[in-house]
2 protein chains.
Amino acid sequence: MYNLRLLRYVDAVARSGSIRKAAEQLNVVSSAVNRRILDIEDEIGTALFERRPRGVRLTAAGELFIAYARKQIADSERMLSEIEDLQSVRRGEVRIAAIEGMAAEFLPRTIEAFQQRHPKIRFRVYICGRGDIHTRLKEFEADIGLVFNPPADAEIRPLLEVEQRLCAFVAPDHPLAARESVRLSDCIAYPLAVPDTSLGGRALLDEFLARRSLRLEPALESNSFEMMRNFAIKSGGVCFQIQSGMPPAHLPGGMHALPLSDRGLRRGRLTLCMEHSRSLPVATARFAEYLKQRLREETS
Amino acid sequence: MYNLRLLRYVDAVARSGSIRKAAEQLNVVSSAVNRRILDIEDEIGTALFERRPRGVRLTAAGELFIAYARKQIADSERMLSEIEDLQSVRRGEVRIAAIEGMAAEFLPRTIEAFQQRHPKIRFRVYICGRGDIHTRLKEFEADIGLVFNPPADAEIRPLLEVEQRLCAFVAPDHPLAARESVRLSDCIAYPLAVPDTSLGGRALLDEFLARRSLRLEPALESNSFEMMRNFAIKSGGVCFQIQSGMPPAHLPGGMHALPLSDRGLRRGRLTLCMEHSRSLPVATARFAEYLKQRLREETS
DNA sequence: ACTGAGTGATGCCGTAACGGCATCGCAATG
DNA sequence: CATTGCGATGCCGTTACGGCATCACTCAGT
């Protein structure tokens with residue numbers, strides 16, 4: 001069965017109109033070129049060249065074959081070039097599964113900054129609940145995940161963990177806005193919006209409340225930080241959520257994030273992770289490193 | 001260098017997600033498939049598959065490669081199919097060089113009839129002077145030629161020769177129209193249009209007149225039969241031209257062709273010919289046979 | 001007519017590429 | 001721990017390939 005080298009032989013013969021001349025150009029003996037051409041003709045069942053006393057000339061079948069050969073040569077070169085691009089991070093796709101809190105600000109900003117340097121790298125981001133992230137990784141729908149306090153899972157390997165505090169978020173003109181930190185008991189007098197179990201921070205809240213006589217009567221419970229945030233602004237209330245790598249300068253709506261200072265309220269872990277047996281493509285691995293660096297910077 | 005069989009190996013592995021399963025489907029041992037894949041990966045410089053405990057999975061580079069491989073497989077099948085079409089006369093191009101007299105009626109009609117049965121066969125027809133036809137054949141611009149009384153040429157091989165009489169063409173209402181044949185002397189009383197040296201028949205006329213006291217004073221001399229014909233109709237004159245395979249029922253403008261019956265006026269040879277060392281493509285050879293048959297029918 | 005040059009085709013042979021058989025090394029499962 | 005399933009590897013016989021030498025034919029010049 002003919003291969004690329006043989007296609008180059010045929011191409012050279014067609015161009016020079018002579019088996020010997022082509023062989024010279026290819027730095028092989030003419031008998032080798034001749035024999036390969038005869039083999040191909042045998043296989044196809046028809047002559048690709050008319051033999052003339054002073055060289056050869058393409059037949060009609062040869063014209064069809066040479067068009068195919070030249071296309072193959074060009075296609076293979078393009079394919080190798082594309083793979084080379086992939087190797088040098090000039091090309092690729094990064095698929096991320098992340099919890100909702102990363103969507104408003106941190107991830108868009110981080111991806112945009114990375115793309116400044118790698119414009120041909122595409123991203124695909126799935127925002128989903130905490131439980132879905134592991135599934136996406138394990139089913140190879142995503143390459144890396146950003147999840148809060150993930151359950152133990154032998155198939156998931158953490159790449160980085162950063163601590164995240166539970167914060168109370170209030171509008172800039174809220175009575176508590178001027179404080180450096182608050183306690184849960186400070187917030188009870190206002191309408192409360194709390195995360196449901198699919199968001200980061202709910203487990204921390206539940207665990208803390210279970211050990212206290214304190215009881216929360218939330219006005220709102222939601223799986224959407226955006227929902228909770230806007231409710232807090234409108235109602236003059238307080239919503240709770242992990243910090244999620246948001247520096248104060250970047251909080252949406254000018255909200256203030258006030259760390260909860262209650263003793264016994266544990267911090268959570270924001271985890272960058274992947275499926276444990278994966279070998280990440282170059283572009284993804286490069287982005288994961290960049291993400292780790294960014295997370296470290298923004299949580300220090 | 002990878003060839004089509006190896007591309008099929010890679011394709012089968014990608015589809016089944018397992019080297020052993022693919023090997024079964026391909027009826028080869030898995031070690032052979034594995035080794036070919038490792039060879040390709042070596043050559044390209046990157047892994048095409050991630051090795052998992054229960055099989056393999058395409059890498060990003062592998063995705064690019066498989067797209068290329070599948071395209072190659074499809075392209076080669078299409079190319080073989082096209083060459084097969086060529087072999088079975090389902091496809092092809094026929095290039096003809098012919099003298100002008102064939103253009104009005106005979107060649108169009110013959111080609112059209114042939115294309116009823118072979119619609120994918122294309123034609124390219126060059127109408128040119130007698131001297132140009134051999135040049136076109138020898139320079140491979142045309143595959144077959146139709147020429148009148150061609151000069152001897154070792155590089156040109158005749159396929160068929162049919163005799164052609166020199167005729168006088170007159171309009172249907174011309175005084176000579178009712179005759180079965182005429183003599184040159186019968187025509188002298190009318191305006192005469194004669195062919196120049198690039199048309200068939202002129203050599204016959206010249207040869208005959210050189211041996212007689214008769215002298216023609218043509219009102220028109222042209223290299224275009226259409227020109228001469230229309231002149232004869234308009235002027236109530238006579239034009240001369242070889243029969244050129246035109247049966248009476250098909251003469252343009254309802255003209256009558258009256259054979260010249262002068263003793264000593266030789267007949268000419270209409271020749272179907274080709275370059276002597278050529279091996280004609282199937283479609284062309286088939287058409288040449290059809291042309292021979294048609295010429296025989298219409299000159300008998 | 002003879003000779004030399006140029007061409008594609010073919011015989012022989014050593015090396016490279018390939019597939020088959022058997023086995024190894026590792027992970028997952030019961 | 002033993003078994004199963006998987007890709008990887010060693011060894012070997014067969015097939016594919018290129019190199020060297022030569023053959024067969026055509027063409028051009030003397």
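As the structure is a computational prediction, the values presented were derived from the model and not from experiment. By convention in this document, chain letters (A, B, ...) are assigned in the order of the sequence lines, proteins followed by strands, and residues within each chain are numbered from 1.
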Student: May I ask you to say what A:Val33 touches in the nucleic acid, namely base, sugar-phosphate or nothing, with a heavy-atom cut-off under 4.0 Å?
Tutor: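 Result for A:Val33 = nothing.
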
Student: Just call it for B:Val29: base, sugar-phosphate, or nothing, with non-hydrogen atoms closer than 4.0 Å on any strand.
Tutor: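 Base contact - B:Val29 has a heavy atom under 4.0 Å of at least one base atom.
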
Student: Whole angstroms only, please: what is the CG-P distance between A:Asn3 and C:dA16?
Tutor: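 After rounding, the gap between these two atoms is 17 Å.
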
Student: Rounding to a whole Å, what distance do you find between B:Leu4:CG and C:dC18:P?
Tutor: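 These atoms are roughly 14 Å apart.
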
Student: Measure the distance from CZ on A:Arg52 to C1' on D:dA24 and round it to the nearest whole Å.
Tutor: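 One finds 18 Å between C1' of D:dA24 and CZ of A:Arg52, rounded.
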
Student: Below 4.5 Å, heavy atoms only, C-beta onward: do B:Glu289 and B:Arg294 meet side chain to side chain?
Tutor: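 When only atoms from C-beta onward are counted, B:Arg294 and B:Glu289 do not touch, as no gap falls below 4.5 Å.
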
Student: Measuring from the side chain of B:Arg36 (C-beta onward, heavy atoms only), which nucleotide among C:dC18, C:dG8, C:dG20 has the closest atom?
Tutor: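 The nucleotide sitting nearest to the side chain is C:dC18.
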
Student: Could you check how far CZ of A:Arg57 sits from P of D:dT26, rounded to whole Å?
Tutor: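 Rounded to the whole Å, the gap is 19 Å.
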
Student: Taking CG from B:Asp42 and P from D:dG7, how many angstroms apart are they, rounded to a whole number?
Tutor: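 The distance from CG of B:Asp42 to P of D:dG7 comes to 18 Å, rounded to the nearest Å.
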
Student: Under 4.0 Å between any heavy atoms, over every strand shown, what does B:Arg51 touch: base, sugar-phosphate, or nothing? Just pick one.
Tutor: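 Answer is sugar-phosphate: B:Arg51 comes under 4.0 Å of backbone atoms only.
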
Student: Please check the phosphate of D:dG18 (OP1 and OP2 only) for any side-chain N or O of A:Ser31 closer than 4.0 Å.
Tutor: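 Looking at the OP1 and OP2 atoms of D:dG18, neither is under 4.0 Å from any side-chain N or O of A:Ser31.
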
Student: Give one of base, sugar-phosphate or nothing for A:Tyr9, where a contact means two heavy atoms less than 4.0 Å apart.
Tutor: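 Sugar-phosphate only.
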
Student: How many Å lie between CZ on B:Arg8 and P on C:dC18, as a whole number?
Tutor: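 Rounding to the nearest Å, CZ of B:Arg8 and P of C:dC18 are 16 Å apart.
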
Student: Check whether the side chain of B:Arg20 and the base of D:dG7 form a donor-acceptor pair under 3.5 Å.
Tutor: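 Side chain to base: pair found, below 3.5 Å.
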
Student: Judged by modelled atom types alone, do A:Arg286 and A:Tyr290 share a side-chain donor-acceptor pair under 3.5 Å?
Tutor: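 Absent: no donor and acceptor within the cut-off.
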
Student: Please tell me if the side chains of A:Arg95 and A:Phe123 come closer than 4.5 Å, counting only heavy atoms from C-beta onward.
Tutor: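 A side-chain contact under 4.5 Å is absent here.
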
Student: Within less than 4.0 Å of OP1 or OP2 of C:dG6, is there a side-chain N or O belonging to A:Lys21?
Tutor: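 So the side chain of A:Lys21 is outside the cut-off, no N or O lying under 4.0 Å from OP1 or OP2 of C:dG6.
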
Student: Identify, between A:Ser30 and A:Arg54, the residue whose nearest nucleotide on DNA chain C lies closer to the 5' end.
Tutor: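 First, find each residue's nearest nucleotide; the 5'-ward one identifies A:Arg54.
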
Student: Expressed as a whole number of angstroms, how long is the span from A:Glu24:CD to C:dG6:P?
Tutor: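 After rounding, the gap between these two atoms is 11 Å.
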
Student: With a 4.0 Å cut-off on heavy atoms, is A:Arg35 in touch with a base, just the backbone sugar-phosphate, or nothing at all?
Tutor: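 Base contact - A:Arg35 has a heavy atom under 4.0 Å of at least one base atom.
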
Student: Report the nucleotide, chosen from D:dG7, C:dC18, C:dT7, that has the shortest atom-to-atom distance to any side-chain atom of B:Asp39.
Tutor: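 Closest of the options to the side chain of B:Asp39: C:dC18.
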
Student: Nearest to the side chain of B:Leu38, which nucleotide is it out of D:dT9, D:dG7, D:dG19?
Tutor: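 My answer, after comparing the listed nucleotides, is D:dT9.
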
Student: Ignoring the backbone of A:Arg5, work out which of C:dA28, C:dG20, D:dG18 is nearest its side chain.
Tutor: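 Closest of the options to the side chain of A:Arg5: D:dG18.
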
Student: Find out whether A:Val10 and A:Phe49 are in side-chain contact, i.e. whether some heavy atom of one side chain is under 4.5 Å from a heavy atom of the other.
Tutor: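 Answer yes - side chains close enough.
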
Student: Rounded to whole angstrom units, what separation is found between the CD atom of A:Glu50 and the P atom of D:dC25?
Tutor: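 Whole-Å distance recorded here is 20 Å.
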
Student: Within the 4.5 Å heavy-atom criterion, are B:Ile96 and B:Arg124 side-chain neighbours or not?
Tutor: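 The answer is no; the side chains never approach within 4.5 Å.
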
Student: Would you mind telling me which residue lines up with the more 5' stretch of DNA chain D, A:Pro53 or A:Ala32, judged by nearest nucleotide?
Tutor: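 This one resolves to A:Ala32.
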
Student: Do the side chain of A:Ser16 and the main chain of A:Ser18 share a donor and acceptor less than 3.5 angstrom apart?
Tutor: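 Side chain of A:Ser16 to backbone of A:Ser18, a donor-acceptor pair under 3.5 Å: yes, one is there.
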
